[in-house]
Structure formats: C-alpha cells, structure tokens
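Report on the following structure.
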Amino acid sequence: MARILIVEDEPDVMLLLENRVRGAGHDVISATDGELGLELALAERPDLIVLDWMMPKLDGIRVCELVRHADPERDIKVLMLTARSQQKDVDRAYAAGADEYIVKPFSSRELITRIGALLEGEGASAEAPQA
C-alpha cells in the first residue's frame with residue numbers, strides 16, 4: 001500500500017479520485033488547493049502525488065517544481081491530472097518534474113493503472129507523449 005496525496009480543487013473530482021485510489025488499496029491524503037498540497041507533500045512525504053494544474057493559491061506546476069527542489073533526493077512520483085491538453089502544456093509539466101500526465105476527462109481504470117506503473121518504477125516521464 002502506497003501513501004498518495006491528491007491535490008484537486010473540484011469536490012466531485014476529489015471524491016471520485018479518493019474513492020478510486022482507496023479502492024485500489026492505497027492510503028489517501030487530500031488537499032483542495034496548491035498551498036495546502038505543498039505543505040502536505042513536504043510534511044507527509046507521500047509516495048505519489050496526483051496533482052491538478054489549475055488550482056487556487058498555487059498552481060500544480062509550481063507545486064511540482066517546489067516539491068522537486070525541496071527534496072531532490074526523495075523520489076516522490078508526480079502524476080499531473082488536468083484539463084490542459086495542448087502539447088506545450090504537457091511539455092511544461094514534464095519540464096517542471098512531472099512523471100506522468102493524464103488529461104481530464106479521464107478513465108478511472110487508466111488512472112489506477114498509471115499509478116501502479118509509477119509506483120513500480122515504470123513511469124513514462126523520460127519523454128512527453130505525443131498529442
């Protein structure tokens with residue numbers, strides 16, 4: 001069982017994510033804005049962060065950058081889950097340190113599969129996917 005931080009500002013999406021991730025057997029920590037997400041990422045040291053891009057207080061790209069810079073030795077996996085679908089956005093997320101990128105709307109099955117792959121060290125971050 002992994003400890004997963006979900007940072008998402010939409011209540012319905014958060015509830016869906018929490019239910020799916022818990023249903024896959026993981027421990028879940030949640031935050032509804034980027035500032036709280038960053039605090040929890042640094043304090044709780046999750047194994048993986050599911051991170052929205054567009055959020056109040058601090059956007060997901062900045063959260064990802066700050067997590068990467070705060071503890072470069074710790075390999076916290078970051079999965080960006082966002083409505084931003086342009087290739088420049090995907091590239092920016094990977095440049096900020098994301099390990100995986102999923103565009104909303106998303107398949108719950110795909111999300112859980114990609115979380116599992118990241119936790120097993122099979123992420124796709126070496127190269128951004130083609131749009």
Side-chain angles (χ1 to χ4, degrees):
M1 171 170 56
R3 175 170 253 195
I4 298 179
L5 170 61
I6 300 171
V7 188
E8 170 62 58
D9 64 321
E10 292 294 328
D12 292 342
V13 177
M14 175 66 86
L15 183 60
L16 172 69
L17 292 170
E18 289 172 333
N19 288 335
R20 295 294 187 255
V21 172
R22 278 192 187 109
H26 301 294
D27 183 29
V28 173
I29 310 161
S30 303
T32 55
D33 66 66
E35 203 171 81
L36 179 57
L38 177 61
E39 286 178 30
L40 290 173
L42 299 177
E44 300 292 330
R45 300 174 59 98
D47 299 300
L48 184 141
I49 304 170
V50 176
L51 185 58
D52 187 17
W53 184 320
M54 298 175 286
M55 292 182 296
K57 298 185 181 178
L58 199 59
D59 72 41
I61 291 295
R62 191 67 184 134
V63 171
C64 187
E65 291 170 340
L66 292 168
V67 166
R68 292 291 183 227
H69 286 88
D71 195 353
E73 300 298 313
R74 175 109 167 116
D75 187 26
I76 298 173
K77 302 296 183 187
V78 176
L79 186 152
M80 293 293 299
L81 181 64
T82 178
R84 298 181 76 135
S85 61
Q86 293 188 354
Q87 188 62 45
K88 67 179 181 166
D89 297 324
V90 176
D91 294 342
R92 186 168 172 214
Y94 281 112
D99 296 290
E100 189 63 86
Y101 196 95
I102 297 177
V103 176
K104 294 175 185 174
F106 61 96
S107 155
S108 296
R109 181 179 293 164
E110 178 184 9
L111 174 73
I112 296 305
T113 298
R114 291 212 200 168
I115 286 173
L118 283 171
L119 292 171
E120 293 174 13
E122 300 172 11
S125 68
E127 206 173 297
Q130 299 302 312

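The model shown is predicted, which means the values in this text are computed figures rather than measured ones.
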Check your understanding: Is there side-chain contact between W53 and R92, with heavy atoms separated by less than 4.5 Å?
Key ->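 A side-chain contact exists here, since the closest heavy-atom pair is under 4.5 Å.
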Partners passing side chain to side chain contact (heavy atoms under 4.5 Å, CB included) against [X] (at least two apart in sequence or in another chain):
X: S30; value: M14, E18, V28
X: D9; value: D52, M55, P56
X: A2; value: I4, H26, D47, L119

What pairs of donor and acceptor atoms, side-chain ones from residues 61-68 against any protein atom, are under 3.5 angstrom apart with sequence neighbours left out?
from: R62; atom 1: NH1; to: E65; atom 2: OE1; distance (Å): 3.1
from: R68; atom 1: NE; to: G97; atom 2: O; distance (Å): 2.9
from: R68; atom 1: NH1; to: I76; atom 2: O; distance (Å): 2.5
from: R68; atom 1: NH2; to: I76; atom 2: O; distance (Å): 3.1
from: R68; atom 1: NH2; to: G97; atom 2: O; distance (Å): 2.8
from: R68; atom 1: NH2; to: D99; atom 2: OD2; distance (Å): 2.6

Point to revise | For Y101 against V103, the heavy-atom pair lying closest together | key: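 Smallest interatomic distance, heavy atoms only, reads CE2-CG2, 3.8 Å.
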Point to revise | Closest contact, heavy atoms only, A98 versus M80 | key: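 Smallest interatomic distance, heavy atoms only, reads CB-CG, 3.6 Å.
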Exercise for review: With side chain to side chain contact (heavy atoms under 4.5 Å, CB included) as the test, would you mind laying out the steps for D89 and T82 before giving the verdict?
Suggested key: CA-CA 10 Å; D89 297 324; T82 178; over 6 Å; no
Please tabulate, for side-chain N and O atoms in residues 38-45, each donor-acceptor pair with protein atoms closer than 3.5 Å (sequence neighbours left out).
from: E44; atom 1: OE1; to: R3; atom 2: NH1; distance (Å): 2.9
from: R45; atom 1: NH1; to: D71; atom 2: OD2; distance (Å): 2.8

Point to revise | Results of side chain to side chain donor-acceptor pair (under 3.5 Å) for S108 - residues two or more places apart only | key: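 Applying side chain to side chain donor-acceptor pair (under 3.5 Å) to S108 gives R20.
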Exercise for review: Step through the shown structure and confirm whether more than 12 heavy atoms of other residues, nucleotides or ligands are within 6.0 Å of NZ on K104.
Suggested key: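 Check passes, neighbour count above 12.
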Review point. Has the side chain of E8 got a donor or acceptor atom that lies under 3.5 Å from a matching backbone atom of E10?
Key: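 Checking the backbone N and O of E10 against the side chain of E8, a donor-acceptor pair under 3.5 Å is found.
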Any chance you could measure [X], atom [atom1], to [Y], atom [atom2], to the nearest 0.5 Å?
X: D12; Y: L17; atom1: CG; atom2: CG; result: 11.0 Å
X: L79; Y: I6; atom1: CG; atom2: CD1; result: 10.5 Å
X: E100; Y: I115; atom1: CD; atom2: CD1; result: 10.0 Å

Review point. So if you build clusters from Ile, Leu, Val, Met, Phe, Trp, Tyr with side-chain heavy-atom gaps below 4.5 Å, do L5 and L15 land together?
Key: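 No, it is not one cluster - the side chains of L5 and L15 are not joined through contacts under 4.5 Å.
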